Amino acid sequence: MLKKNWKKIALAAGLSLTMLTAACGQNESGEGGSEGSGEGSGSNGSSGEESGESSGEQTESSANVGEAVDYTIVGIEPGAGVTAATNTALSEYDNLSGWEQKTSSTAAMLSELRTAYSNEEPIVIVGWNPHFKFAQWDLKYLKDPKNAYGEAEEIRTMVRTGLEEDMPGVYTILDRFKWTLEDSESFLLEAQEKDIETVAQEWVDNNQDKVDEWINGVESVDGKSVELALTPWDSERASSNVVKLALEQKGYDVTLTPVDPSIVFESLANGDVDGSTAAWMPKTHGSFYEEHKENIVDLGPNLEGALTGLAVPTYMDIESIEDLEPAE
Ligand code: PBE
C-alpha cells in the first residue's frame with residue numbers, strides 16, 4: 001500500500017483534476033468496444049480501512065475531499081441505472097449539497113480513475129460489481145445509510161412476451177442460464193487481456209458441463225434467428241456472449257444488438273429484441289422495468305450478489321457518503 005498522504009497534494013490534485021476533466025472530454029465520444037483495459041488479479045467487492053489516522057485528522061481530510069475533487073462524482077453513461085441512483089443520492093444526502101455528477105462513459109470514468117489512482121489523488125466514482133476495477137485497484141464502497149443504491153441485487157434475464165410460444169428452445173436456455181459473481185469477475189479480468197468474444201469461447205470450452213445444464217434436452221434448430229439486446233457494460237457483454245454460444249450449440253443464429261441502456265426495457269416490451277441478460281433488479285433498473293413490465297417476461301436471476309454504489313480508493317480516509325462535505 002502506498003503511504004503518501006494525498007492531503008499534502010490536495011491543491012495540486014485540484015488543479016490536475018481540472019486539467020484531467022478537460023482532457024477527458026476529448027475521450028468521451030470515442031468509446032467503442034471494451035470499457036477499459038488493464039490488468040489485475042483476485043476479486044472482491046470492497047476492502048476495509050487502510051489508514052490508522054486519528055479521527056481529528058479524518059474530519060480534516062474528509063473536509064478536503066470535496067474541494068479536492070471539485071465537488072464532483074465521476075459517473076458513467078447518462079442512461080445507466082446507477083446514474084439515476086446517484087441523482088437520488090445527490091438529492092437525498094444534505095451533505096452533498098453543491099455536488100454534481102459528471103456523466104460521460106464508463107471508459108472515461110475508468111480512465112480518470114486510473115490516472116487519479118496512479119497519482120494517489122482523491123476521486124469519487126460510481127462503482128459496481130461484477131467489474132474488474134475492484135480486483136485491479138484497492139477500492140472501497142462508501143457506506144450508504146440512506147440506501148440510495150439499495151442492497152445487493154440480482155441480474156435477471158428478461159424476454160419479450162410470446163418468445164416461449166415462438167421459440168421454446170430459446171426460452172428454456174435463457175431461463176436456465178445462470179452463473180456466479182466469481183464466474184463473471186474472473187471472466188472480466190481475463191477480458192482485460194483479450195476480447196470478450198474470445199474469453200466467452202474459452203469460458204464455454206472450459207465449462208461445457210454448465211452449458212450442458214442449460215441446453216440439455218432442447219431441440220436443435222437450423223439457423224433460426226435470435227436477437228439479444230447488448231448494453232455497453234462488460235458484465236453484460238460477457239453474459240450475452242456466453243448465452244450466444246450456448247444458443248449456437250443448438251443451431252440458433254444469434255445477433256447481439258447494441259441497444260441504448262435507457263431503452264432496453266422498451267425494446268423488450270416492443271418485441272424489437274427477444275431477450276436481455278442485463279436487468280439489474282430490484283433497484284438499478286427497477287423504474288425502467290415498472291414502466292414496461294406488462295409486456296416483458298422476467299425469467300429470474302442469472303447472477304446474484306451484484307453491487308452498486310459510490311466508491312473511492314482505499315487511500316482516502318472516508319468511509320461513508322455522509323463523510324463528503326457540502327460545497328458551501
Ligand atoms: N451498471 C452495470 C449498469 C448495468 C450494468 C450497474 C453500470 C447500470 O445501468 O447502472
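We count ligands from 1, going down the list as the structure has it; atoms in each ligand are counted the same way. These numbers come from a predicted model, not from an experiment.
The shortest distance between side-chain heavy atoms of V170 and L247 falls below 4.5 Å. By the 4.5 Å heavy-atom criterion applied to side chains, V74 and L113 are not counted as neighbours.
Under the 6.0 Å cut-off for aromatic ring centres, W214 and F177 qualify, their centroids lying closer than that. Ring pair W179/F187: centre-to-centre distance below 6.0 Å. Aromatic pair Y141/Y149: centroids not less than 6.0 angstrom apart.
With salt bridges taken as basic N to acidic carboxylate O contacts below 4.0 Å, none links K178 and E213.
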Any protein N/O atoms within less than 3.5 Å of an N/O atom in ligand 1? List the atom names and distances, or say none.
{"unit_1": "ligand 1", "atom_1": "9 (O)", "unit_2": "G81", "atom_2": "N", "d": "2.7"}
{"unit_1": "ligand 1", "atom_1": "9 (O)", "unit_2": "H285", "atom_2": "NE2", "d": "2.7"}
{"unit_1": "ligand 1", "atom_1": "10 (O)", "unit_2": "G81", "atom_2": "N", "d": "3.1"}
{"unit_1": "ligand 1", "atom_1": "10 (O)", "unit_2": "V82", "atom_2": "N", "d": "2.9"}

